[in-house]
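The basis for the numbers below is simple: all heavy atoms, side chains too, and nothing from hydrogens, waters or symmetry mates.
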Amino acid sequence: MLDAATWAGCLGGDRFLTQTHHRSYAHFPGVADTAGLFSWDDLNRIIATQRLEPPRLRLSVDGEMVPLYRYAIPTTNRRAVTWSRIQPSDFHAQLRDGASLVLDAAEKIHPAVGAAAEGLERFLGTSVQANVYASWTEREGFGRHWDDHDVVVVQLHGSKRWRLWGTTREAPTFRDVESPEEPEGDPVADLVLSPGDVLYLPRGWWHSVTADQGTESLHLTFGTVPHTGADLMLWVVDQLRASLALRRDIPRFGSLAEQSDFTDAVRREVADMMADPRLVERWAQSLDTTDLGHAIPSLPYVDGLPARGEITVKLTTPRGRLTANREQGTVTFSAAGTAWDFAESAAPALGTLLTNQPTTLGELADSAGLEVKEVAELVSVLIDGHAVAVVGTAL
């Protein structure tokens with residue numbers, strides 16, 4: 001399973017985070033155990049059983065999306081609900097002629113991919129979306145392009161050729177003042193990924209990808225959400241909303257002196273906060289504890305959990321924090337946008353939840369030396385706050 005520790009091992013741990021991340025591409029041959037991660041059978045089942053409309057499921061060739069009518073037909077049931085039904089023969093023909101298949105957000109509908117995305121999110125500290133890509137020919141599905149986010153590619157089946165060029169505009173963003181120019185010259189790298197290979201590519205790096213090795217190709221791309229200086233400034237402004245200087249009306253019709261005094265007051269507030277050497281650390285803690293994660297219902301338990309040790313629960317967000325308040329004899333558990341104070345005795349159970357691994361109420365009780373009933377009550381509070389969910393009912 002690709003959990004946080006496994007991802008760290010695949011990518012190089014702290015060395016990757018401090019020397020490679022956001023800086024340069026990296027190729028890690030044969031480091032990922034892809035058994036049980038995602039297969040052709042999984043892809044066939046999802047296409048056959050899910051109502052997936054473009055762009056969630058789409059075909060692309062030469063940088064253009066293939067019109068849906070070329071491989072699917074509208075189908076309406078007796079309640080007048082219409083969706084697109086894939087026609088296998090037409091679908092196969094498009095893929096045979098060079099189209100690439102894309103399935104977005106596979107982590108939402110495939111548990112193993114979802115667990116891998118959560119593991120990478122814990123390692124990198126940012127939200128992750130996993131897309132499936134399948135190709136059959138040397139024809140490019142998307143042309144040479146760059147992405148506005150970092151990607152981690154895991155080759156699952158067959159081979160895929162990646163030609164890489166560096167950035168032509170440093171750190172380009174989705175909302176930018178200009179677009180990167182096409183790169184010139186030969187690629188800086190020409191790689192063929194085989195099953196188990198992992199490729200890391202920072203945002204802004206140009207690349208073209210083809211299945212030109214004589215085999216069909218299936219791979220997962222884990223895209224990460226970037227966090228820039230602009231995002232930090234937006235967070236700083238949110239933290240300063242308690243400040244009178246930022247609450248005051250802008251003196252649009254005031255004198256030049258009044259306008260200058262106003263901007264000076266705002267500048268001082270922002271400058272004072274930006275002078276904090278731990279500002280990025282504070283931002284990261286806020287990011288981790290306010291991320292809403294993946295809300296999951298806990299049916300059939302709609303009115304709290306019964307004191308049954310076999311019930312299995314799990315944190316719904318890959319990141320959270322546990323802070324000791326020694327003077328008060330409490331701990332603060334922060335996750336999914338809410339913070340709760342509990343007695344110090346609950347710390348071992350809460351720490352176990354933060355590992356993101358499914359665990360039973362009985363195991364949580366044993367870890368903290370508590371009764372199962374006490375743990376059930378604690379977890380019920382976290383379920384009401386959308387931070388924990390039941391993943392095994394034991395009914």
Work out which heavy atom in [X] is nearest to a heavy atom in [Y]; give both atom names and the distance.
{"X": "Leu43", "Y": "Ala134", "answer": "CD2-CB, 4.4 Å"}
{"X": "Trp235", "Y": "Ser286", "answer": "NE1-OG, 3.1 Å"}
{"X": "Asn131", "Y": "Ala105", "answer": "OD1-N, 3.0 Å"}
{"X": "Pro172", "Y": "Pro180", "answer": "CB-CG, 3.9 Å"}

Assess whether atom [atom1] of [X] is packed by more than 12 heavy atoms of other residues, nucleotides or ligands within 6.0 Å.
{"X": "Asn77", "atom1": "CG", "result": "yes"}
{"X": "Arg15", "atom1": "CZ", "result": "no"}
{"X": "Arg85", "atom1": "CZ", "result": "no"}
{"X": "Asp238", "atom1": "CG", "result": "yes"}
{"X": "Asp190", "atom1": "CG", "result": "yes"}
{"X": "Ile250", "atom1": "CD1", "result": "no"}
{"X": "Gln357", "atom1": "CD", "result": "yes"}

Using a 3.5 Å distance criterion without hydrogens, assess whether the side chain of [X] forms a donor-acceptor pair with backbone atoms of [Y].
{"X": "Asp276", "Y": "Met273", "result": "no"}
{"X": "Arg23", "Y": "Thr18", "result": "yes"}
{"X": "His207", "Y": "Trp205", "result": "yes"}
{"X": "Thr215", "Y": "Ser159", "result": "yes"}
{"X": "Thr316", "Y": "Ala387", "result": "yes"}
{"X": "Asp33", "Y": "Ala35", "result": "yes"}
{"X": "Asp147", "Y": "His149", "result": "no"}

Starting at [atom1] of [X], measure out to [atom2] of [Y] and round the result to the nearest 0.5 Å.
{"X": "His145", "Y": "Ser208", "atom1": "NE2", "atom2": "OG", "value": "9.0 Å"}
{"X": "Leu378", "Y": "Leu364", "atom1": "CG", "atom2": "CG", "value": "8.5 Å"}
{"X": "His22", "Y": "Thr224", "atom1": "NE2", "atom2": "OG1", "value": "7.0 Å"}
{"X": "Ser255", "Y": "Asp261", "atom1": "OG", "atom2": "CG", "value": "7.5 Å"}
{"X": "Lys160", "Y": "Ser100", "atom1": "NZ", "atom2": "OG", "value": "5.5 Å"}
{"X": "Thr290", "Y": "Gln285", "atom1": "OG1", "atom2": "CD", "value": "10.0 Å"}

Side chain to side chain contact (heavy atoms under 4.5 Å, CB included) evaluation trace for Leu256 with Gln259
CA-CA 5 Å; Leu256 184 61; Gln259 293 176 357; 4.2 Å; yes

Give me the one residue out of Leu382, Leu361, Val375 that meets side chain to side chain contact (heavy atoms under 4.5 Å, CB included) with Val313.
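In the set Leu382, Leu361, Val375, the residue that makes a side chain to side chain contact (heavy atoms under 4.5 Å, CB included) with Val313 is Leu361.
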
Hey, could you give me each pair passing ring pair (Phe, Tyr, Trp, His ring centres under 6.0 Å) that has a residue in residues 358-377? Not counting sequence neighbours.
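Counting only pairs at least two positions apart or across chains, no ring pair (Phe, Tyr, Trp, His ring centres under 6.0 Å) contact touches residues 358-377.
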
Does any pair with a residue in residues 63-95 pass ring pair (Phe, Tyr, Trp, His ring centres under 6.0 Å), and if so which ones, sequence neighbours excluded?
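Counting only pairs at least two positions apart or across chains, the ring pair (Phe, Tyr, Trp, His ring centres under 6.0 Å) contacts touching residues 63-95 are Tyr71-Phe91.
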
Just wondering, do [Y] and [X] contact through their side chains at under 4.5 Å, heavy atoms?
{"X": "Met233", "Y": "Val270", "result": "yes"}
{"X": "Pro29", "Y": "Asp197", "result": "yes"}
{"X": "Glu182", "Y": "Trp165", "result": "no"}
{"X": "Glu269", "Y": "Leu246", "result": "yes"}
{"X": "Val132", "Y": "Leu220", "result": "yes"}
{"X": "Asp148", "Y": "Pro226", "result": "no"}
{"X": "Tyr133", "Y": "Thr221", "result": "yes"}
{"X": "Leu37", "Y": "His110", "result": "no"}

No-hydrogen, no-angle side-chain donor-acceptor test under 3.5 Å, [X] and [Y]:
{"X": "Trp146", "Y": "Thr167", "result": "no"}
{"X": "Thr330", "Y": "Asn325", "result": "yes"}
{"X": "Thr210", "Y": "Glu138", "result": "no"}

Walk me through it: do Arg70 and Leu59 pass the test side chain to side chain contact (heavy atoms under 4.5 Å, CB included)?
CA-CA 10 Å; Arg70 293 185 178 175; Leu59 303 185; over 6 Å; no

Do you reckon [X] sits in the same ILVMFWY cluster as [Y], going by side-chain contacts under 4.5 Å, direct or chained?
{"X": "Val331", "Y": "Leu370", "value": "yes"}
{"X": "Tyr25", "Y": "Phe28", "value": "no"}
{"X": "Phe38", "Y": "Val128", "value": "yes"}
{"X": "Val209", "Y": "Met65", "value": "no"}
{"X": "Ile296", "Y": "Ile109", "value": "no"}

Step by step, work out the side-chain hydrogen bond (donor to acceptor under 3.5 Å, both in side chains) result for Glu140 and Ser135.
CA-CA 9 Å; Glu140 293 186 12; Ser135 302; over 6 Å; no

Can a salt bridge be assigned to the pair Lys373 and Glu371 using a cut-off of 4.0 Å between side-chain N and carboxylate O?
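Salt bridge absent between Lys373 and Glu371.
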
Ion pair present between Arg139 and Asp97, side-chain N to carboxylate O less than 4.0 angstrom?
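A salt bridge is absent here (no side-chain N lies under 4.0 Å from a carboxylate O).
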
Between His27 and Trp162, is the ring centre distance below 6.0 Å?
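No; Trp162 has its ring centre 6.0 Å or more from that of His27.
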
May I have the step-by-step check of side chain to side chain contact (heavy atoms under 4.5 Å, CB included) for Lys314 and Asn356, ending in yes or no?
CA-CA 6 Å; Lys314 181 180 179 296; Asn356 265 103; 3.6 Å; yes

List the steps, then state whether salt bridge (Lys or Arg N to Asp or Glu O under 4.0 Å) holds for Arg58 with Asp104.
CA-CA 9 Å; Arg58 63 191 185 275; Asp104 280 358; 2.9 Å; yes

Parallel, tilted or perpendicular, as decided by the 30° and 60° cut-offs, for the rings of Tyr200 and His21:
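Correct class here is tilted.
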
Whether Trp340 and Phe333 hold their rings parallel, tilted or perpendicular, with breakpoints at 30° and 60°
tilted

Quickly, which of Phe123, Phe16, Phe222 forms a ring pair (Phe, Tyr, Trp, His ring centres under 6.0 Å) with Trp7? Name it, please.
Phe222

Verdict with reasoning, Leu120 to Leu11, per side chain to side chain contact (heavy atoms under 4.5 Å, CB included)
CA-CA 10 Å; Leu120 186 60; Leu11 296 173; 4.1 Å; yes

